[in-house]
Amino acid sequence: MEGPPGYYLTSIKDLPEDCLNFIFQRLECNSDRESFGLTCHRWLHIQNINRLFLQFQCSFTQLDLSSLSQSNPTISSFHLNRLLTRFQQLESLSLSGCTELPDSGLTPLQYYGSRLQKIFLDCCFRITDEGLSLIAIGCPSLTLISLYRCNITDVGLQNLAESCSGLKDVNLSYCVLISDHGLRALSQKCSQLRAVSVSFCKGVSGVGFRGCCSPTLAYLEAESCKLEPEGITAIVNGGGLEYLNVSNLRWCIAGDGLAAIGGAGLGTKLRVLNLRMCRSVSSESVAAIAKGCPFLQDWNLSICHEVKIPGWKAVGENCNSLEIIHLNRCRNLCDRGLQALRDGCRRLRTMYITGYYQVSVPAMEMFKWSRSDVQIKEEEITTVPNWPFR
């Protein structure tokens with residue numbers, strides 16, 4: 001049936017792409033966005049070019065090792081190629097948990113990875129330097145890469161750093177083949193580093209940061225590493241650290257070396273410090289940190305057995321910004337040490353404490369009465385929730 005004079009029938013094909021994009025962006029419900037492309041091929045195209053994040057069904061966003069016990073389908077270059085061909089505007093890709101993904105499965109990234117800014121490969125056990133080279137070639141715009149438990153070496157890390165100089169966040173935890181040589185290449189080539197994790201990398205002593213630690217480095221995880229005093233000094237030399245985890249430091253040579261954290265005014269930006277299970281950290285080092293890190297807000301000193309009264313006094317007298325303190329199982333925390341914390345630390349709001357064998361019941365009751373503003377929790381916290389890779 002014809003319309004009145006001057007009236008023309010139009011279809012979806014006549015609408016410009018900008019108009020369709022505007023309609024898609026106005027959809028607030030995720031289910032509406034997911035079903036958007038079922039309408040017609042034109043709508044499907046609009047949906048595809050607006051997808052910025054892709055996660056495989058077998059992968060996980062929140063690291064949960066229990067999920068690895070589930071049977072995961074084998075992801076090949078064929079699967080990845082089809083998806084990357086369809087979603088060519090991707091900025092973030094998660095393959096975490098794809099335990100059988102081979103290096104060759106990353107081949108399509110050479111052709112379709114130029115827009116990728118983030119890639120997660122946690123627990124991709126078969127990814128080696130070869131796969132990392134494919135990422136380096138195809139993803140020059142990367143700002144974040146998570147390689148938790150991947151089998152990469154310093155060679156692969158160096159290739160990545162040379163091609164992806166804009167990297168800001170790098171997770172290398174449990175990459176046991178990484179050493180200070182790889183970290184040096186990363187630090188030298190990537191001047192915008194913001195967050196780095198090398199936890200459980202036994203070949204890391206910290207000296208890889210010597211002379212090249214970026215002032216932009218704000219977050220560092222180095223749990224259970226064999227850090228040396230010189231390495232600790234190198235780590236803090238950038239002066240920009242806000243979060244530092246060197247828990248379970250059992251391998252330090254020539255003293256605990258942790259006093260450097262508060263030395264030369266380099267710890268003025270530090271807000272969160274985790275020294276849990278640093279059994280050899282001394283009262284002298286704790287005092288140096290307390291004096292040199294005036295804005296410290298969260299300090300984990302659980303299982304720091306060598307901290308004695310002088311150390312606790314220094315914390316009470318100098319940590320005027322401290323809001324959270326962890327004192328679980330500190331063998332040398334006694335009544336006088338608790339009193340020093342009670343009389344100082346005026347901004348303290350939460351104290352985690354268990355296993356306080358040398359603290360008497362009256363001393364604890366006095367603390368509760370004098371500092372009713374402090375919440376005492378008889379539990380132990382080992383992680384900090386705002387870490388970039390969690």
Side-chain angles (χ1 to χ4, degrees), residues 63 199 219-224 241-250 256 258 261-262 267 270-283 285-287 289-290 293-390:
L63 187 57
S199 292
Y219 300 83
L220 181 68
E221 287 257 15
E223 180 181 353
S224 296
L241 279 179
E242 299 176 15
Y243 170 105
L244 177 61
N245 178 6
V246 290
S247 58
N248 200 19
L249 182 62
R250 298 176 294 177
D256 61 68
L258 292 171
I261 295 173
L270 197 62
R271 300 293 186 272
V272 180
L273 177 60
N274 190 347
L275 301 183
R276 182 178 181 271
M277 295 181 68
C278 292
R279 293 178 172 86
S280 64
V281 61
S282 64
S283 293
S285 291
V286 166
I289 295 170
C293 304
F295 301 110
L296 201 58
Q297 297 174 357
D298 187 334
W299 196 352
N300 195 331
L301 287 163
S302 296
I303 321 179
C304 292
H305 297 318
E306 297 304 312
V307 182
K308 301 177 182 178
I309 294 174
W312 302 124
K313 283 187 175 181
V315 173
E317 292 171 358
N318 297 282
C319 293
N320 298 314
S321 298
L322 196 64
E323 298 177 4
I324 303 172
I325 191 168
H326 306 252
L327 303 172
N328 306 86
R329 295 180 282 164
C330 291
R331 290 178 184 171
N332 282 302
L333 176 64
C334 60
D335 290 357
R336 290 175 62 190
L338 188 64
Q339 180 183 351
L341 298 176
R342 183 191 76 198
D343 295 340
C345 301
R346 302 317 301 175
R347 293 189 181 180
L348 192 64
R349 293 294 176 265
T350 306
M351 181 170 70
Y352 293 93
I353 183 168
T354 56
Y356 43 95
Y357 306 110
Q358 292 198 51
V359 175
S360 66
V361 173
M364 181 57 70
E365 291 303 315
M366 179 60 74
F367 185 98
K368 293 178 181 179
W369 180 80
S370 301
R371 296 297 303 271
S372 58
D373 56 325
V374 178
Q375 185 178 15
I376 297 176
K377 296 187 176 183
E378 295 193 2
E379 57 185 283
E380 190 164 356
I381 304 296
T382 60
T383 59
V384 178
N386 65 345
W387 170 242
F389 301 109
R390 296 194 179 107

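- Contact check for I289 versus W299: side-chain heavy atoms found under the 4.5 Å cut-off.
- Using a 4.5 Å cut-off on side-chain heavy atoms (C-beta onward), V307 and V315 make no contact.
- S360 pairs by the side chain to side chain donor-acceptor pair (under 3.5 Å) definition with D335, not counting sequence neighbours.
- Residues R342 and W369 are not in side-chain contact: their nearest non-hydrogen atoms beyond the backbone lie 4.5 Å or more apart.
- Shown here are the salt bridge (Lys or Arg N to Asp or Glu O under 4.0 Å) partners of K368, two or more places apart in sequence or in another chain: E365.
- In this structure, M364 places its CE atom where more than 12 heavy-atom neighbours from other residues, nucleotides or ligands lie under 6.0 Å away.
- Listed by chain and residue number, H326 satisfy the ring-ring contact (aromatic ring centres under 6.0 Å, His included) test with Y352 (two or more places apart in sequence, or in another chain).
- No donor-acceptor contact under 3.5 angstrom links the side chains of N248 and E223, judged on distance only.
- With sequence neighbours left out, the salt bridge (Lys or Arg N to Asp or Glu O under 4.0 Å) criterion links R349 to D373.
- A heavy-atom distance below 4.5 Å is not found between the side chains of S247 and M277.
- We find the OG-CG distance between S370 and D343 to be 7.5 Å, quoted to the nearest 0.5 Å.
- By the salt bridge (Lys or Arg N to Asp or Glu O under 4.0 Å) test, E379 pairs with no residue at all, sequence neighbours left out.
- R329 pairs by the salt bridge (Lys or Arg N to Asp or Glu O under 4.0 Å) definition with E380, not counting sequence neighbours.
- Contact annotation: the side chain of L327 approaches that of L341 to within less than 4.5 Å [non-hydrogen atoms, C-beta and beyond].
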